Amino acid sequence: MCHPLIMEYVKGKALNRRDFFKGSAAAGAALAATAAVSPRPVLAQGATQVVDMTHTLTYDFPTYFGVQQFFDEDVFTYAENSFNLKSLRVNEHTGTHIDAPLHFTDGGTTIDEVPVESLVAPLAIVDIREKADADPDAQITPDDLKAWIAANGPIPQGACVAQNAGWHDKLGTPGFRNADDEGKMHFPGFHVEAVSMLIEEADVVGVAVDTLSIDYGLSADFATHYRWLPANRWAVENMANLDQLPVTGATLVVGAPKHQGGTGGPCRLIALV
């Protein structure tokens, strides 16, 4: 139990959500170190709902290569040691995770170097569930982005543009990887021309998908990864619960790992609405 004096101190120092996001609104939005810093937009003022956008990481969580990438081991147990402690072994790109620019660049920004200002971003959610239901190989195209803008206005400065293909509901079934008899996967992603549009025409710090890759499943060349990450932007894969958010108006907080020289890593995603 905390001492009463400590409790009073914490109360005096704590910032409410409104004060926090008023302060964040003035932070720089650009991810690239050489880019001009532009004012951030107003973020989720007076947020009243917190949504977990993260899948629970399990031994059998689907992976791009189809093999187990998360392991843990009991090092100390309460029964034997009066406390619990596990050792973890995990591939950086497992479960709900972030890709740093280094993942698809030679000498690019590492995960510990990604500016923290870019990890709090307005969400712009592109809903392609109907399109993906009709064709699991669907991709977000410039036309989808233009339709979103026509319906919702400009993409916010410093935003993360997220794909909602309805893939959250497929977790725990073969439909998440959706591999055919030849082992080729079928799931949606961003078309390379769509991320090119975001790079050239919008001030966007990240993209996110509810699937295993920002490239669609049939991609043989990772064209979207090679276009997006070398532009010094981040990507999130295996995002959860996008159907619980409005297409605009939420703020994403990316709890990215910070290990030296990393290419990415599992993260905790929180949306404020």
Side-chain angles (χ1 to χ4, degrees), residues 51-56 60-66 93-99 121-152 155 159-198 202 204 206-229 233-250 252 269 271:
V51 180
D52 191 352
M53 311 301 293
T54 319
H55 289 294
T56 298
D60 59 353
F61 196 96
T63 65
Y64 190 87
F65 297 107
H93 301 275
T94 307
T96 302
H97 69 274
I98 184 171
D99 291 0
L123 263 176
I125 300 173
V126 182
D127 190 335
I128 62 164
R129 284 178 288 184
E130 184 175 341
K131 184 175 177 179
D133 283 344
D135 178 10
D137 299 321
Q139 298 181 72
I140 290 179
T141 67
D143 286 343
D144 293 311
L145 298 178
K146 291 173 184 176
W148 191 97
I149 293 168
N152 302 287
I155 295 171
C160 171
V161 178
Q163 165 196 280
N164 181 8
W167 239 245
H168 170 102
D169 295 333
K170 298 181 185 294
L171 188 64
T173 75
F176 196 83
R177 292 186 80 249
N178 203 25
D180 60 26
D181 293 340
E182 297 179 355
K184 295 179 180 178
M185 293 178 290
H186 300 267
F187 55 75
F190 278 84
H191 194 282
V192 64
E193 292 179 2
V195 295
S196 292
M197 176 180 168
L198 293 175
V204 173
V207 294
V209 292
D210 53 351
T211 54
L212 281 164
S213 174
I214 61 172
D215 279 278
Y216 80 133
L218 281 179
S219 173
D221 57 7
F222 295 105
T224 297
H225 274 86
Y226 279 114
R227 180 70 175 104
W228 183 251
L229 295 177
R233 290 159 168 85
W234 50 259
V236 164
E237 294 165 333
N238 298 318
M239 199 174 195
N241 295 325
L242 282 159
D243 59 334
Q244 296 185 26
L245 301 179
V247 295
T248 185
L252 180 67
L269 304 180

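Just so it is clear, the model here is predicted, and its values are computed rather than measured.
Heavy atoms only, all atoms of each residue included: Ala208 and Cys160 are closest at CB-SG, 3.8 Å. Taking every heavy atom of both residues into account, Ala159 and Val204 meet most closely at O-CG1, 3.1 Å. Counting all heavy atoms, side chain and backbone alike, Arg233 lies closest to Leu229 at O-CD2, 3.2 Å.
Contacts of Leu218 classified as side chain to side chain contact (heavy atoms under 4.5 Å, CB included), with partners at least two apart in sequence or in another chain: Asp137, Lys184, His186, Tyr216.
Taking the side chain as every heavy atom from C-beta outward, Ile128 and Pro188 approach each other to under 4.5 Å. Side-chain atoms of Leu145 and Val161, non-hydrogen and from C-beta on, do get closer than 4.5 Å to each other. Looking at heavy atoms from C-beta onward, Met53 lies out of side-chain contact with Val236 at the 4.5 angstrom threshold. Residues Leu198 and Trp228 have side chains in contact (heavy-atom distance under 4.5 Å, counting atoms from C-beta outward). Side-chain contact check for Met185 versus Asn178: every heavy-atom pair is 4.5 Å or farther apart. Two residues are said to be in side-chain contact when any heavy atoms from C-beta on lie closer than 4.5 Å; Glu193 and Gln139 fail this criterion.
With values rounded to the nearest 0.5 angstrom, Glu237 atom CD is found 11.0 Å from Asp210 atom CG. Taken from CD1 in Ile155 to CE in Met197, the straight-line distance is 6.0 Å, to the nearest 0.5 Å. Between the CZ atom of Arg177 and the CH2 atom of Trp167 there is a distance of 13.0 Å, given to the nearest 0.5 Å. For the atom pair Leu212 CG and Thr94 OG1, the distance stands at 10.0 Å (nearest 0.5 Å). Interatomic distance, CG of Asn241 versus NE2 of His168, reported as 4.5 Å (0.5 Å rounding).
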CA sep, side-chain torsions, deciding dist, call: Thr248, Trp148, side chain to side chain contact (heavy atoms under 4.5 Å, CB included): CA-CA 10 Å; Thr248 185; Trp148 191 97; 3.9 Å; yes

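Leu269 pairs with exactly one of Thr96, Val51, Asn238 by the side-chain contact (heavy atoms from CB on, under 4.5 Å) rule, that one being Thr96. Considering Val207, Leu242, Thr211, Ile214 in turn, Thr211 is the only one that fulfils the side-chain contact (heavy atoms from CB on, under 4.5 Å) rule with Gln163. Exactly one residue among Ile125, Asn164, Leu123, Thr54 makes a side-chain contact (heavy atoms from CB on, under 4.5 Å) with Met239. That residue is Leu123.
No donor-acceptor pair under 3.5 Å is formed between the side chain of Lys131 and the backbone N or O of Ala165.
Relative orientation of the Phe61 and Phe176 rings is perpendicular, given thresholds of 30° and 60° on the angle between their planes. By the 30° and 60° cut-offs, the orientation of the rings of Tyr64 relative to Phe187 is perpendicular.
Side-chain polar atoms of Asp99 and His225 form a donor-acceptor pair below 3.5 angstrom.
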